[in-house]
Amino acid sequence: MTRIVQWLRGPIVFAGLLSVGVGAQCQTPGPALLPSDGGASVAAHFDPLGKPPSKFTIELRNGQKAELPFADKRDFDEAKRGFIAEPPYKRIMADAAHVAWDMASYGWLLTGKDFESIHPSLQRQAILNMAYGLYEVVPDRVYQVRGYDLANISFIKGDTGWIVFDPLTAQETARAALEFINEKLGKRPVVGVVYSHSHVDHFGGVRGVADEADVASGKVMVIAPDGFLQEAIAENVFAGNAMSRRSQWQYAVLLQRSPFGHVDQAIGKNVANGTTGLIAPNRLVKKEIEEITLDGVNMVFQNAPDTEAPVEMNTYFPQFKALWTSEIVTGTIHNIYTLRGAQVRNALNWSKEINEALYRFGQEAEVMFASHSWPRWGNARIQEVLRAQRDTYANLNNQVLHYANQGVTINEIQNVYEVPKSLRDQWPARSYHGDVQNNARAVINRFLGHYDGNPVNLIPLSPKDSAPLYVEMMGGSAKIVAKGEELMGQGKYLLATEILNKLIFAEPQNQPARRLLADAYEQLGYRAESTSVRNSFLQGAFELRNGLPGGVPPKSTGPDVVRAMSTEQWLDFIGISMDPKKAEGMRFTFNLVTPDNGEQYGVELSNATLTNIKGFSAKNPDLTVTVNRADLNQVMMGHASFDDLLASGKARFEGDRSGFDRLRSILVRFTPDFEVLPGTAAKAATPAPKPFEVRDLVESD
């Protein structure tokens, strides 16, 4: 039925799946990751209530397979190029003794099988992301360690040491990568670190490659785009708890790594579960184009804000004719709106910044590499990929607004917008991390907002309020379940979800309805090309069937992130944490003074709202709080209370503290275990953080 094709090139094995190409050009980074049982352990569904792909899903998959450009195998040739060695270990342990990284858990992808529960295009991407080891990008100058985290870590060889680009999420994986390249190529000191942008998988592992004292002394230069610290914290603090919960769906944290569960994260396999840190940059790139020479390496930085991140930059190396495209151009079309929640991104500007790179650097570049995926070689190939992604983002923006200007709404555009065939036929224009339909809605949201112009949607009922009416009008739960089963039997899964969703919001404990909706979600997940969409449907199916596990500890802030957070951001977050209903009628003012950094803040509680202003003090405050910012960090992390600081003489209160204590008593302790679907709450509550603790950064996209 299938034709197995294998290539051998040095120590790397290339195994194939189907003659049509799903895995016919797949790279395995060596036999170490191949499961000893040949993948038998993942042949059965990990969830006892899980279902295999239906005949309708398989038929759809076969049609998708026939339409995809599998004859183009260049990505596989590029992904294997420059391979030097793979590590002897399959796992990287965290300093806290748990597993931080386990590449072998995805080894079943390398068994040469065609998995009907995975979109054929996504399976191809998942295999490409199995690269594991050290690769040479530019002979004797540019190297990457891939497969140690969601991102790649890149090493530029200077005259005396390494310049590290994007040191991953966790210090354990970054440290392992540095040790591995030093073992294979000779030990060299780290003389520079570059953060390409403000997402944690691009800076969180910095302490694995650099010492803060060396940065403070100037021995190590840490380069970042202007505004880096502000954006590295701000995007994920104010709604951080909600993002943490939603990230569980986007990254499918409850699913096993299996053909029926988590298979890939589009830009890498997954996120390392280690220790995150942050060392403040000592060199900011402020100009649109700025050159820095470090250790004999000339770097031309292109500031490209308002693209994949609020601040981000590409880098060109004229000496090597090498273009680094951070996360602006990788092996996928990205999120304009990420499902974990974030500000909607600017598709048009994203396209323009790619065009800038194409015309400024792409006319002479001979290799293009990035913080995710694999490099591309040859000027013609580089220009081809840059144009494909440039045009995909621009077409999305332009075509969506074209229809919006003709009256197509945010609730319709996902069924109207279509990527042009000329782009669909190019692998760099496929949406593995982003999703075409979700991105189309995002463009309208950016320009026109969530309202579709129909007054009925100005004040929509909450689902729990509207659902009982729908259920009553449809004749009750038995009729809805029967109709749902009929639609499922016809392969009309979206229609089935439309009515079953109403039923579970009206009757959260209706088990037949929950299981039927889970079955529909599962089939929709199997069909999805985007990892975010697949993961969300499959995680939804799991939670409907099993509920949330109890006692999952929230991710709390690490000390580096707290130190980098401004006092103003912390005070803003306290305003968000305050229960406004309990604050009704409360009124007081206090001044906060932090002598060690010379800051002062006036803080007011009035009209059930907490506000603050930097650089001013209230004239007649109820209370003045004096505490060094270095000591305030302990309160922000939940390691100490103000009472602890008062007792130790590290804080001073002058005036009436009763209002302050009342404020502290009405703070809500957020935990990322709230229900997304009704009836899925954990039986055991998640432990709440201590007062004033701030949520950690949520994973990048």
Side-chain angles (χ1 to χ4, degrees), residues 57 60-61 63-70 118-126 249-250 263-267 307-308 327-342 344-351 354 372-373 385 387-404 406 408-448 450 452 493-494 497 521 523-538 701:
T57 295
L60 178 64
R61 188 181 192 274
Q64 293 166 335
K65 199 160 53 180
E67 294 178 355
L68 289 162
F70 283 113
I118 309 174
H119 189 293
S121 177
L122 176 56
Q123 182 173 335
R124 174 187 181 276
Q125 183 78 357
W249 285 56
Q250 183 174 343
V263 303
D264 199 56
Q265 207 54 54
I267 52 177
T307 52
E308 189 271 336
E327 200 170 331
I328 295 172
V329 177
T330 62
T332 176
I333 295 301
H334 218 288
N335 298 293
I336 300 304
Y337 168 72
T338 177
L339 298 187
R340 66 174 169 85
V344 174
R345 295 158 182 169
N346 189 334
L348 181 60
N349 186 65
W350 201 325
S351 171
I354 294 174
H372 298 279
S373 310
V385 172
R387 284 190 169 88
Q389 295 217 350
R390 175 199 66 183
D391 293 350
T392 303
Y393 291 113
N395 182 271
L396 173 73
N397 182 86
N398 297 348
Q399 191 181 149
V400 165
L401 292 181
H402 171 86
Y403 288 119
Q406 296 181 69
V408 177
T409 72
I410 192 170
N411 295 321
E412 300 167 318
I413 189 62
Q414 70 275 10
N415 299 313
V416 175
Y417 174 71
E418 186 176 13
V419 179
K421 187 177 186 306
S422 58
L423 288 172
R424 296 200 308 270
D425 287 344
Q426 299 185 63
W427 291 117
R430 306 296 301 191
S431 294
Y432 304 108
H433 203 40
D435 171 65
V436 173
Q437 293 167 310
N438 180 55
N439 280 347
R441 300 186 75 201
V443 172
I444 288 190
N445 189 39
R446 182 178 180 88
F447 284 90
L448 297 173
H450 66 85
D452 65 356
Y493 302 119
L494 278 175
T497 64
Y521 277 179
Q523 296 301 319
L524 292 168
Y526 293 158
R527 296 171 172 214
E529 185 175 26
S530 163
T531 58
S532 298
V533 173
R534 174 189 172 90
N535 290 345
S536 295
F537 276 120
L538 296 185
D701 15 292

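Computation of the quantities below employed the complete heavy-atom set of this structure, encompassing side-chain atoms and omitting hydrogens, waters and symmetry-equivalent molecules.
- Judged purely by distance below 3.5 Å, without hydrogens or angles, the side chains of E327 and T330 never pair a donor atom with an acceptor atom.
- Note: H119 NE2 to Q125 CD = 12.0 Å, rounded to the nearest 0.5 Å.
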Original post:
Please walk me through it: do L348 and N398 pass side-chain contact (heavy atoms from CB on, under 4.5 Å)?
Top reply: CA-CA 8 Å; L348 181 60; N398 297 348; 4.2 Å; yes
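- The shortest side-chain heavy-atom distance between V329 and I354 falls under the 4.5 Å cut-off.
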**OP:** Walk me through it: do D425 and E67 pass the test side-chain contact (heavy atoms from CB on, under 4.5 Å)?
**Re:** CA-CA 8 Å; D425 287 344; E67 294 178 355; over 6 Å; no
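- Residues R446 and N346 approach most closely at NH2-ND2, 3.3 Å, considering heavy atoms.
- Taking each heavy atom of S351 and Y393 in turn, the nearest pair found is CB-CB, 4.0 Å.
- Nearest heavy-atom pair, V344 versus A442, reported as atom, atom and distance to 0.1 Å: CG1-O, 3.3 Å.
- Without hydrogens or angle criteria, Q414 side chain to A440 main chain gives no donor-acceptor distance under 3.5 Å.
- To the nearest 0.5 Å, atoms CG (N535) and CG (D264) are separated by 9.0 Å.
- A donor-acceptor contact shorter than 3.5 Å is absent between the side chain of S121 and the backbone of E529.
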**OP:** Run the numbers on E418 and R424 for salt bridge (Lys or Arg N to Asp or Glu O under 4.0 Å), then give the verdict.
**Re:** CA-CA 9 Å; E418 186 176 13; R424 296 200 308 270; 3.4 Å; yes
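- Each of Y521, Y526, W249 was checked for a side-chain contact (heavy atoms from CB on, under 4.5 Å) with L538, and the lone residue meeting it is Y526.
- Looking only at distances, no side-chain donor or acceptor of E308 sits under 3.5 Å from a matching main-chain atom of I328.
- Nearest approach of G434 to N335, heavy atoms of both residues: CA-OD1, 3.3 Å.
- For the pair I444/T409, no side-chain contact is recorded, criterion being any heavy-atom separation below 4.5 Å from C-beta on.
- The CG atom of D452 sits 4.5 Å away from atom CG of N411, with the distance rounded to the nearest 0.5 Å.
- Of the possible donor and acceptor atoms, none in the side chain of Q265 sits under 3.5 Å from a partner among the backbone N and O of T531.
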Subject >> I410 and L448: CA distance, side-chain angles, deciding distance, side-chain contact (heavy atoms from CB on, under 4.5 Å) verdict >> reply: CA-CA 9 Å; I410 192 170; L448 297 173; over 6 Å; no
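- Classification of the H334-W350 ring pair by plane angle, with boundaries at 30° and 60°, yields tilted.
- The CD1 atom of I333 sits 12.0 Å away from atom NE2 of H433, with the distance rounded to the nearest 0.5 Å.
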Subject >> Derivation and outcome, side chain to side chain donor-acceptor pair (under 3.5 Å), residues R387 and Q426 >> reply: CA-CA 11 Å; R387 284 190 169 88; Q426 299 185 63; over 6 Å; no
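- Across R534 and G525, no two heavy atoms sit closer than the pair CG-O, 3.4 Å.
- V263 is listed as a side-chain neighbour of L122, based on a closest heavy-atom distance under 4.5 Å.
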**OP:** Output, in order, the C-alpha distance, side-chain angles, deciding distance and verdict of side chain to side chain donor-acceptor pair (under 3.5 Å) for Q250 and T338.
**Re:** CA-CA 9 Å; Q250 183 174 343; T338 177; 3.1 Å; yes
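- Side-chain contact between V419 and N395 is absent, with no heavy-atom pair separated by less than 4.5 Å.
- Closest of all the heavy-atom pairs between R527 and T57 is NE-OG1, 3.2 Å.
- Interatomic distance, S536 OG to L339 CG, rounded to the nearest 0.5 Å: 5.0 Å.
- Distance check: R345 CZ to T307 OG1 gives 8.5 Å after rounding to the nearest 0.5 Å.
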Original post:
Passes side-chain contact (heavy atoms from CB on, under 4.5 Å), F537 versus Q523? Steps please.
Top reply: CA-CA 8 Å; F537 276 120; Q523 296 301 319; over 6 Å; no
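- Without hydrogens or angle criteria, N438 side chain to Y337 main chain gives a donor-acceptor distance under 3.5 Å.
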